[in-house]
Amino acid sequence: MKIDQQLAEAISDAFKAKFETELVSTEIQLQPTRKEFEGSHTFVCFPYARISKKSPEETAKSVGEYLKENSDLVSDYNVVKGFLNIVLTDKSWIGVFKGIWSDDNFGFQPKNGKEVMVEYSSPNTNKPLHLGHLRNNFLGWSVAEILKADGYEVHKVQIINDRGIHICKSMVAWKLFGNGATPESSGKKGDKLVGDYYVKFDQEYKKEIKELVDNGTSQEEAEKEAPIFKKAQELLLKWESKNPEVYDLWETMNGWVYEGFSTTYAQMGVDFDKLYYESNTYLLGKDQALEGVAKGFFFQKEDGSVWVDLKEDGLDEKLLLRADGTSVYMTQDIGTAILRFKDYPKITRQIYTVGNEQEYHFKVLFLILQKLGYNWAKECYHLSYGMVDLPSGKMKSREGTVVDADDLMQEMIKTAEEHTAELGKVDDFTTEQAAELYKTLGLGALKYFLLKVDPRKRMLFDPQESIQFHGNTAPFIQYTHARICAILRKAKQLDLVADDATFESVNELHGAEQSVIYLLSQYPGKVKEAADNYSPDTIAQYVYDLAKEYNRFYQEISIFNEDDENILRYRVAFSSVVADTIKKGMGLLGINVPDRM
RNA sequence: GGCCUCUUAGUUCAAUGGAUAGAAUAGGAGUUUCCUAAACUCUAGAUCUAGGUUCGAUUCCUAGAGAGGCCA
């Protein structure tokens, strides 16, 4: 049984003995003791003063006294106002550690038989991936890993926005100005190449609008009449009627983009179990809309358009089918959601990793699905994350302030390389080993930076200053891991292996060891918390605290200077468990940890 | 105009309604015969404003100020 539960039960016993009242032990909350006080667990007595009919301080004293006398876990206690700080015996800490050390699945919940789907990335095929996608992808991927650790079976998907006017724009510009350029002929990544023509379209479009306006056309009119825009619209119509030539070009250009994306995803270290394409799903959802009308959930206006009235739910009316019968995003999303539940009948929930500007959209989507009678819609969740701002403000493609994902990752790896070279600790590495290390460090720093923040909040990314290798960063944590690995290598040479008997003769712990064991014991709870809240930042913060606390121990205790071989073996095992936990925790964030750096 | 979110050290981030609001970074002062100094120790520095709820509010409620977003 976990130490927290044991303590809670002891406290419950104390209440029974001292105040003749039963407390439900699972409802007793223990919080970590603040550093300036002695102890590890704190029981806040204010809320229980009513039950004990004593002041919070007296309550705390009674309970503390009972625990000290009757529980062999507790060595001492102190009371500050209504706070009962509980000091555990070193022996019980060693017991806690032994439990963790012998648990091969520490931090992983057994399979709970539930399946969920996590959607993330979901890019357009006309633009390369940028900084915002990095936050999105790292977040979605990490949440999927955390849910797996929490016992779920997880399906990772994305929907690719591969059709519509935007891709037609790229196609038009490529036809007009491309001279048959391909990724091979231009030496460009496919997504970048197509993105360039999307930009080119916009430039030409603006130029044409300006000409028209200069010749007396109104701005509004000019935007509709610009020849290049009309060409894009024609292309869209041809695409929809599956004109072979247009369809071919569309497939070719999207093929280039996918190849580019897959390179980027590989570098990012994210993957998907299934891809959905909007070109396959954009016609879905119409049936549901019409069915909704038939059942009276939706209504039709005189022009034939279909709407849903959400005023009773505090929202507005929402269009589902236009008068001409074409669908809108909402309609498609309804269709796609239903399709996914058909594809994966056992999933109980879909988690959509999408920016917070779409909060309203998802609120409406889930509501409509509920109205259509899909009960699973109640369980669906919009994992809504904030924008990544630059010091100059919002990223804007038109102003060229977009931070490209490939460039940024490359930049990070380069910085890691320079920094590593300066320190000169791994000069004996082969080129491959070195390249691997730079990637681990550079990408780790980037992922950690983006994941350590509460996903719901907008965050600032300063390319100059944001990425550091000191302090609350991935390299700091990775460094702690690498240091421990050095210890483990040496211990292996000396054949220092711990077994059950090792712990019998260890009776005393150093202060830092205690806090590290306390942190270790919190790990499974942190994973649970992170899973419940879809918050990788919980894990990031935790692993940082663990690494920091271990470093304190490392600084104060010289492991191999210990004469008592059992203590030495124990400390090697202790370090090894810390390394493992760091590795597991960072793994949940998609960050690797090196053995040397 | 309606609705939603955010506001904490110079800066970037923390804090299930709990103690003297934590970290990091930038600033100041130290630590290397010893397992990796990408480390460690010390120091200084903050809850947007005004009310309310209670044993206790960064957290909950109301109003206001500022920033961002969504819907027309």
Side-chain angles (χ1 to χ4, degrees), chain A residues 29-37 42-50 55-57 79-85 310 314-319 355-364 384-387 389 391 393-394 416 419-420 422-426 441 444-445 449 452-454 456-462 465-491 493-494 512 525 529 532-533 537-538 540-542 544-545 547-562 568 571-572 575 594-597:
Chain A
Q29 304 270 322
L30 292 166
Q31 45 184 271
T33 303
R34 296 181 68 101
K35 271 192 187 150
E36 61 265 37
F37 302 112
T42 293
F43 178 59
V44 182
C45 292
F46 296 97
Y48 299 98
R50 284 202 190 103
S55 76
E57 269 163 292
V79 174
V80 182
K81 296 186 205 166
F83 297 91
L84 172 63
N85 299 323
L310 300 170
L315 303 172
D316 212 339
E317 291 181 353
K318 175 76 198 171
L319 176 73
N356 62 8
E357 71 274 11
Q358 304 245 31
E359 259 167 27
Y360 186 79
H361 176 84
F362 280 101
K363 219 179 194 175
V364 172
S384 160
Y385 64 92
M387 296 264 151
D389 282 327
K394 209 177 155 178
H419 203 79
T420 306
E422 222 171 275
L423 295 171
K425 293 184 189 177
V426 292
L441 295 176
F449 183 82
K452 76 175 173 187
V453 181
D454 182 345
R456 288 145 199 91
K457 291 188 181 166
R458 55 190 302 137
M459 63 181 294
L460 186 79
F461 182 87
D462 186 336
E465 290 174 26
S466 289
I467 301 302
Q468 311 242 336
F469 292 82
H470 305 274
N472 188 356
T473 64
F476 168 85
I477 298 164
Q478 290 166 322
Y479 176 69
T480 308
H481 180 267
R483 269 172 147 189
I484 297 176
C485 286
I487 290 170
L488 299 180
R489 280 192 294 270
K490 191 165 168 184
Q493 282 178 356
L494 299 172
E529 191 186 329
D532 288 347
N533 302 323
D537 59 307
T538 306
Q541 214 62 46
Y542 169 81
Y544 171 69
D545 288 340
K548 197 173 160 56
E549 203 56 36
Y550 181 85
N551 277 337
R552 202 159 75 85
F553 159 80
Y554 181 96
Q555 194 75 17
E556 288 175 31
I557 304 270
S558 179
I559 293 182
F560 290 103
N561 272 349
E562 177 59 52
L568 176 51
R571 283 188 177 145
V572 169
S575 301
D595 291 348
R596 285 183 57 195
M597 65 184 273

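The analysis underlying the following values was restricted to heavy atoms, covering all of them including side chains, and did not include hydrogens, waters or symmetry mates. A quick note: this is a predicted structure, and the numbers were derived from the prediction, not measured. In what follows, chains are A, B, ... by sequence order, proteins preceding strands, each numbered from 1.
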Pairwise side-chain contact, A/Phe37 with A/Phe83, heavy-atom cut-off 4.5 Å (strictly under):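 Sidechains of A/Phe83 and A/Phe37: no contact.
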Give me the distance, rounded to whole Å, that separates [N] from [M] when you measure between the [atom1] atoms they each carry.
N: B/rU12; M: B/rG17; atom1: C1'; answer: 27 Å
N: B/rU8; M: B/rG66; atom1: P; answer: 16 Å
N: B/rU54; M: B/rA67; atom1: C1'; answer: 32 Å
N: B/rU47; M: B/rU59; atom1: C1'; answer: 11 Å
N: B/rA15; M: B/rC6; atom1: P; answer: 12 Å
N: B/rA39; M: B/rC55; atom1: P; answer: 46 Å
N: B/rC40; M: B/rC3; atom1: P; answer: 49 Å
N: B/rG2; M: B/rA21; atom1: C1'; answer: 36 Å

Verify whether one side chain among A/Arg458 and A/Asn356 offers a donor that lies under 3.5 Å from an acceptor in the other. no
Sugar-phosphate, base or nothing in reach of [X], heavy atoms under 4.0 Å:
X: A/Arg552; value: sugar-phosphate
X: A/Ile557; value: base
X: A/Tyr360; value: sugar-phosphate
X: A/Asp595; value: base
X: A/Leu315; value: nothing

Just the rounded figure in Å: distance from [atom2] of [N] to [atom1] of [X].
X: A/Glu359; N: B/rC71; atom1: CD; atom2: P; value: 12 Å
X: A/Glu357; N: B/rG69; atom1: CD; atom2: P; value: 10 Å
X: A/Phe476; N: B/rU36; atom1: CZ; atom2: P; value: 16 Å
X: A/Tyr554; N: B/rU32; atom1: OH; atom2: P; value: 16 Å
X: A/Gln468; N: B/rA24; atom1: CD; atom2: P; value: 13 Å
X: A/Tyr479; N: B/rC35; atom1: OH; atom2: P; value: 11 Å
X: A/His470; N: B/rA24; atom1: NE2; atom2: P; value: 14 Å
X: A/Lys363; N: B/rC70; atom1: NZ; atom2: P; value: 15 Å

Exam field: side chain A/His481 to backbone A/Pro594, donor-acceptor pair closer than 3.5 Å: yes
Backbone N or O of A/Val364 within a donor-acceptor pair of the A/Lys318 side chain at under 3.5 Å? no
Where the side chain of A/Ser558 is concerned, which of B/rC4, B/rC40, B/rC34 is the nearest nucleotide?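 Side chain of A/Ser558 sits closest to B/rC34.
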Base paired to [N] (Watson-Crick or G-U; both N/O distances under 3.5 angstrom):
N: B/rG2; value: B/rC70
N: B/rU41; value: B/rA29
N: B/rU53; value: none
N: B/rA65; value: B/rU7

Identify which one of A/Lys457, A/Arg456, A/Lys452 satisfies the side chain to side chain donor-acceptor pair (under 3.5 Å) criterion when paired with A/Asp454. A/Arg456
Taking OP1 and OP2 of B/rC34, is either one under 4.0 Å from a side-chain nitrogen or oxygen of A/Asn561? no
Could you pick out which residue, A/Phe553 or A/Ala547, lies toward the 5' side of RNA chain B when each is mapped onto its nearest nucleotide?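 Of the two residues, A/Phe553 wins.
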Indicate the ring-plane relationship of A/Phe449 and A/Phe461, choosing parallel, tilted or perpendicular according to the 30° and 60° boundaries.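 The rings of A/Phe449 and A/Phe461 stand perpendicular, inter-plane angle above 60°.
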Per-nt protein contacts along nucleotides 12-23 of chain B (heavy atom under 4.0 Å; B base, S backbone sugar-phosphate only, - none) come out as SSS-B-BBSSSS
